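Note that the structure is a prediction, hence the values are computed from the model and not measured.
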Amino acid sequence: FNAPFGGLLYMFEEITSVAWPLELTFRVFVATMCCSLISYGLCSAIGSEIEEFVIYAEKPIDKSWDARDIPVFVLVAAMLGVITSLHTRALLSTALFRQRTRAALHRFQPCAQIVETV
């Protein structure tokens, strides 16, 4: 719909009634808005419109690819595989660091948890 905020509100409506911890609301809002702004910024940087990424289009657009594009697809897939692996390892390391820090600062709770959230 080209309305990231509307999409966010729709997501809240669908998810919050069943399985949504209340403390995640602000984090999800900020993350979604940051992703939206980054997407618009990147599209603007390459001279593209966000509508080019819409799966359903009223008018069919013929964007064909050739066999010479396959090595590019393979290269991008390999790079994304490595990046995904590194990202997962970084997230696991961060989670372990946060657990150790929370255990070390147990006597300062709940203030330490508030500082971590901010």
Problem set entry | Same apolar cluster: Leu75 and Trp65, side chain cutoff 4.5 Å | no
Exercise. Quick one: side-chain hydrogen bond (donor to acceptor under 3.5 Å, both in side chains) partners of Ser48, sequence neighbours excluded?
Worked result: Glu52
Problem set entry | Remaining members of hydrophobic cluster (4.5 Å side-chain criterion), Ile46 | none
Problem set entry | Residues that, via side-chain heavy atoms closer than 4.5 angstrom, fall in one hydrophobic cluster with Val72 | Val76, Leu80
For this session: Please round to the nearest 0.5 Å and tell me the distance separating atom OG1 of Thr101 and atom CG of Leu96.
Result: 9.0 Å
Problem set entry | Non-neighbouring partners of Arg102 that pass salt bridge (Lys or Arg N to Asp or Glu O under 4.0 Å), sequence neighbours left out | Glu116
Going by atom type alone, with no hydrogens or angles, which donor-acceptor pairs under 3.5 Å involve a side-chain atom of residues 86-93 and a protein atom two or more places apart or on another chain?
residue: Thr88; atom: OG1; partner: Thr84; partner atom: O; Å: 2.9
residue: Ser93; atom: OG; partner: Arg89; partner atom: O; Å: 3.0

Problem set entry | Set of ring pair (Phe, Tyr, Trp, His ring centres under 6.0 Å) partners for Phe97, sequence neighbours left out | none
Exercise. Under a 4.5 Å cut-off applied to non-hydrogen side-chain atoms, are Tyr40 and Ser36 in contact?
Worked result: yes
